[in-house]
J.: 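Dumping the structure here so I can ask a few things about it.
Every value quoted in this text rests on a predicted model; they were computed, and no experiment measured them. Proteins get letters first, then strands, A, B, ... in listed order; numbering begins at 1 in each.
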Amino acid sequence: MKQPLLASFFGKGGMAKAKTSKPADSEKPTNDSSSKSSGDDDSAVVNDMDVDKQAAKAEDEPELDVGKLDIKSNSSSDKPATGTKRRIVDSDDDGSATEFSDKEDTGSATDPSDAEEEQEAAAAAAASAASKKKKRAAKPALKKAKGAPVKVKKAEPITLIDTKEGKKIPFLALCKVFEAIEATTKRLEITALIRDFFVQVMDIDKEELTDAVMLCIAKVAPDHEGIELGIGESILLKSIASATGRQIQKVKQEHQALGDLGVVVERGKSNQNTMFKPKPLSISKVFHTFREIATTSGSSSIQKKTGLITGLLGACTNVESKYLIRSLEGRLRIGLAESTVQTALAHAARIRENDGDSDSLAPEDFLQATENLKQVLSEFPVYTHVIDSIYKYGINDIANHCTLTPTLPVKPMLAKIEKAADDILRRFEGKPFTCEFKYDGERSQIHYVADGDETQCVIFSRNAENNTAKYPDIASSVKEFAGPNVKSFILDCEAVAWDKINGKIRSFQTLSSRKRKVENEAEITVGVCCFAFDLLYLNGEALIRMPLRKRRELLREHFVPVQNKFQFAISKDLTEVEDIQEFLELSIEENCEGLMIKTLDGSTSSYEPSKRSMNWLKLKKDYVDGLGDSLDLVVIGAYFGKGKRVGAYGAYLLACYDPDREEYQAICKIGTGFSDADLESHKEKLDESRISAPKPYYAFSEKTKPDIWFAPTVVWEVKAADLSLSPIYQAAYGEIDPSKGVSLRFPRFIRIRDDKTPEMATSSTQVAEMYESQKINH
DNA sequence: GTCGGTGCGGGAC
DNA sequence: GTCGGACGAATTCGG
DNA sequence: CCGAATTCGTCCGACGTCCCGCACCGAC
């Protein structure tokens with residue numbers, strides 16, 4: 001088949017300088033207690049509120065009526081993804097109907113009429129094997145795209161499922177679905193595929209459905225339970241080597257070439273001739289082995305884990321091994337992520353409750369179900385429990401049984417990037433909104449419950465990790481900042497490293513050096529101050545559906561700033577662009593990252609994480625064209641790309657120039673900001689200056705050693721949010737700290753600087769100056 | 001057998 | 001964290 | 001007024017620095 005080469009794509013607002021006059025009237029935001037004043041009590045603060053303030057398919061499907069069976073998924077569907085209707089009524093029969101064999105049953109299974117597409121699919125699959133030479137062919141994007149754009153692929157019935165009592169659902173069935181998903185980029189189709197699978201599993205067994213869902217999202221437990229696989233590249237390499245009987249080095253090489261461990265195993269296994277057919281893996285077997293891996297720790301745990309993985313691999317067919325490995329990497333990379341899985345699960349549940357009939361359901365029915373499920377999971381992120389409730393009460397009623405509960409993390413509301421202050425007014429046109437300082441710390445969700453004398457405080461991170469052990473100091477000061485009538489709450493805050501001697505914010509880098517498991521409060525080296533900006537729950541009542549104005553009111557009414565420990569995020573309710581601009585400058589001045597902008601009233605101001613994933617806006621200085629730190633750096637090396645970047649370089653090593661020592665000093669890697677076309681053209685151009693070993697005048701560390709070296713010829717403009725003190729990069733080495741260099745936070749490619757020679761790149765002295773000018777470093 | 005260095009995994013941004 | 005690409009839905013444009 | 005073209009929002013997966021905790025390993 002003709003696989004098109006890497007396709008190329010094409011494609012690619014300023015801010016007014018306010019400052020003019022401006023009725024600076026009042027509104028000097030004062031964070032009261034912040035530094036000096038500290039009138040910590042509410043007085044100052046709370047009062048001026050108004051001014052504002054502070055703060056598959058089967059071998060053959062005997063039972064299926066062919067007619068009904070083929071379904072066209074979506075495509076024309078007017079309803080979202082309801083397209084595919086399939087009836088798998090069988091189950092009655094003796095089950096054995098659907099024996100599966102790992103060999104190629106694909107083709108045969110489906111209905112002849114579709115031979116065409118079938119071939120297409122087969123081709124795709126074959127492609128990887130046949131045309132292995134050009135790995136690009138494997139790019140999902142290209143796979144199908146060209147082939148049959150017109151015809152929509154029908155969802156192939158995948159029924160490797162034996163419904164007979166006691167039989168487990170084969171892992172292979174799920175993998176077949178993954179394969180089909182990977183072959184397309186159409187979102188509706190993806191949803192339909194996984195949804196159909198869930199529909200089938202759902203009828204069979206609740207536990208297996210849960211296991212399947214967990215495998216789809218590549219998780220082994222809810223985030224807050226802190227159960228992690230603890231598996232990474234090196235352990236996988238080891239396991240693959242042992243399972244396929246090869247040297248680790250070999251596997252490593254192949255990994256570099258292919259950029260995908262999944263593909264590496266798949267090929268490795270197919271080269272192996274298996275004498276006997278292993279007992280097929282079931283979904284629950286796989287999932288439970290994953291859990292076992294996750295829960296082993298201690299001495300020689302790596303060996304045990306490797307053993308478990310090797311065992312699984314031994315029982316895998318080729319396809320299975322690919323997805324098994326990717327699951328262990330924590331990312332399936334097939335275009336199916338949690339949000340889509342949730343949608344599919346909701347649709348499946350709705351269909352099941354309609355006796356398996358999707359035709360009579362309206363698009364709104366699906367929408368409603370999806371919204372319910374997403375909302376519930378964001379308030380009660382425990383799949384086992386939620387799925388349980390679906391069975392018990394129905395998808396439309398789960399919200400009444402899985403409600404926001406202190407002690408269980410709420411998915412935090414996020415913000416969308418906004419690049420210019422002007423756009424904000426347009427977006428919010430006329431509606432009142434507030435601007436808050438965006439502090440550079442760590443998102444903390446503080447939960448508290450008092451039950452008589454028993455009190456409990458739990459603190460979660462932005463990603464729902466349980467951080468209670470990291471912040472015992474916060475937990476122990478709850479009683480100081482919570483008012484006397486507060487019995488329970490969930491607070492949304494930013495925990496920021498705090499210099500209590502000078503009453504100042506410290507850098508993010510400082511915060512991150514804090515111990516993660518503090519045994520004794522006395523040993524805390526980095527103090528923290530919480531800047532609260534929202535209240536989600538208070539005294540037994542969820543507040544998330546209230547408008548922000550109300551939540552903020554309750555926050556200020558029931559909580560009290562405490563010096564050096566707890567404050568309200570500084571905020572101002574504004575209406576003019578110039579004011580926003582000025583407030584942004586002020587936030588920067590105060591060592592914050594920028595502003596968060598939120599509407600105050602109406603439904604858009606409620607705390608609804610799932611409905612609109614980002615209802616807040618964030619405005620940072622470095623988003624604005626022409627502002628923020630920008631450097632011109634020399635490209636001296638490159639790293640092979642992985643996944644969708646195979647065939648290109650995934651990242652490059654950059655250096656600044658030190659004219660005194662006449663050397664190029666590594667400063668950071670860069671891997672974002674490139675369009676696909678950039679990726680291609682950069683490689684082409686840079687390969688011309690490829691050299692086999694680093695120049696003697698390159699200063700770099702082994703830890704950042706690139707796969708490919710270049711002579712210093714190309715200069716790029718790069719933007720960064722901050723500069724950091726680095727243990728592994730050499731830029732401005734010794735100028736600030738005798739044993740550390742400087743690196744960049746959030747580096748991204750902006751453009752090529754054809755007009756600069758490498759010697760004209762940003763110098764190490766300039767780098768040092770830029771670092772020094774960040775006042776937060778003193 | 002203990003101790004410190006190293007490399008990996010995972011989590012912040 | 002930043003960023004670009006693909007989809008699908010919403011909105012605008014052009015005949 | 002309707003279909004085509006364009007814009008917008010969402011989702012996904014590439015990739016960045018730095019840090020701690022843990023398992024491992026070699027030196028003593």
J.: Within the 4.0 Å heavy-atom criterion, would you say A:Ile334 contacts the bases, only the backbone, or no part of the nucleic acid?
T.: sugar-phosphate

J.: For A:Glu228, check side chain to side chain donor-acceptor pair (under 3.5 Å) against everything at least two apart and list the hits.
T.: none

J.: Measure the acute angle between the ring planes of A:Phe710 and A:Tyr649, then classify it against the limits of 30° and 60° as parallel, tilted or perpendicular.
T.: perpendicular

J.: Do any side-chain nitrogens or oxygens of A:Lys618 fall under 4.0 Å of OP1 or OP2 in C:dT2?
T.: yes

J.: Students often get this wrong, so: under 4.0 angstrom with heavy atoms, is A:Lys438 touching a base, only sugar-phosphate, or nothing?
T.: sugar-phosphate

J.: So does A:Lys620 get a side-chain nitrogen or oxygen closer than 4.0 Å to the phosphate oxygens (OP1/OP2) of B:dC13?
T.: no

J.: Can you give one letter per nucleotide of nucleotides 18-27 of chain D, going 5' to 3': B for a protein heavy atom under 4.0 Å from the base, S for sugar-phosphate only, - for none?
T.: SBBSSSS---

J.: To the nearest Å, give me how far apart CD (A:Glu338) and P (D:dC12) are.
T.: 9 Å

J.: Using the C1' atoms of the five pairs at each end, what is the angle between the end axes of the helix from B:dG1-D:dC28 to B:dC13-D:dG16, to 10°?
T.: 0°

J.: Go through the structure and list residues passing salt bridge (Lys or Arg N to Asp or Glu O under 4.0 Å) with A:Glu225, not counting sequence neighbours.
T.: none

J.: For A:Glu521, which residues count as a salt bridge (Lys or Arg N to Asp or Glu O under 4.0 Å) partner, sequence neighbours excluded?
T.: none

J.: What nucleotide, of B:dC13, D:dC12, D:dC15, holds the atom closest to the side chain of A:Ser339?
T.: D:dC12

J.: Closer than 4.0 Å, any side-chain N/O of A:Lys644 to the OP1 or OP2 of D:dG13?
T.: no

J.: So, using salt bridge (Lys or Arg N to Asp or Glu O under 4.0 Å) as the criterion, who are the partners of A:Lys438 when residues are at least two apart?
T.: A:Glu593

J.: Just jot down the side-chain contact (heavy atoms from CB on, under 4.5 Å) partners of A:Ile235, sequence neighbours excluded, or say none.
T.: A:Ile231, A:Ser239, A:Ile302, A:Thr306, A:Ile309

J.: Give a yes/no answer on whether the side chain of A:Ser234 brings an N or O atom under 4.0 Å of OP1 or OP2 in B:dG9.
T.: yes

J.: With sequence neighbours excluded, what pairs up with A:Asn463 under the side chain to side chain donor-acceptor pair (under 3.5 Å) test?
T.: none

J.: Got a list of side-chain donor-acceptor pairs under 3.5 Å for residues 738-745 of chain A, not counting sequence neighbours?
T.:
| residue | atom | partner | partner atom | Å |
| --- | --- | --- | --- | --- |
| A:Ser739 | OG | A:Asp737 | OD1 | 3.1 |
| A:Ser743 | OG | A:Ile667 | O | 2.7 |
| A:Arg745 | NE | A:Asp722 | OD2 | 3.3 |
| A:Arg745 | NH2 | A:Asp440 | OD1 | 3.2 |
| A:Arg745 | NH2 | A:Asp440 | OD2 | 2.4 |
| A:Arg745 | NH2 | A:Asp722 | OD2 | 3.1 |

J.: Give a yes/no on whether any side-chain N or O of A:Arg333 is located under 4.0 angstrom from OP1 or OP2 of D:dA14.
T.: yes

J.: For A:Gly650 and for A:Ala337, locate the closest nucleotide of DNA chain D by heavy-atom distance; then report the residue assigned to the nucleotide nearer the 5' terminus.
T.: A:Ala337

J.: Are A:Tyr623 and C:dT2 close enough that a side-chain N or O sits under 4.0 Å from OP1 or OP2?
T.: yes

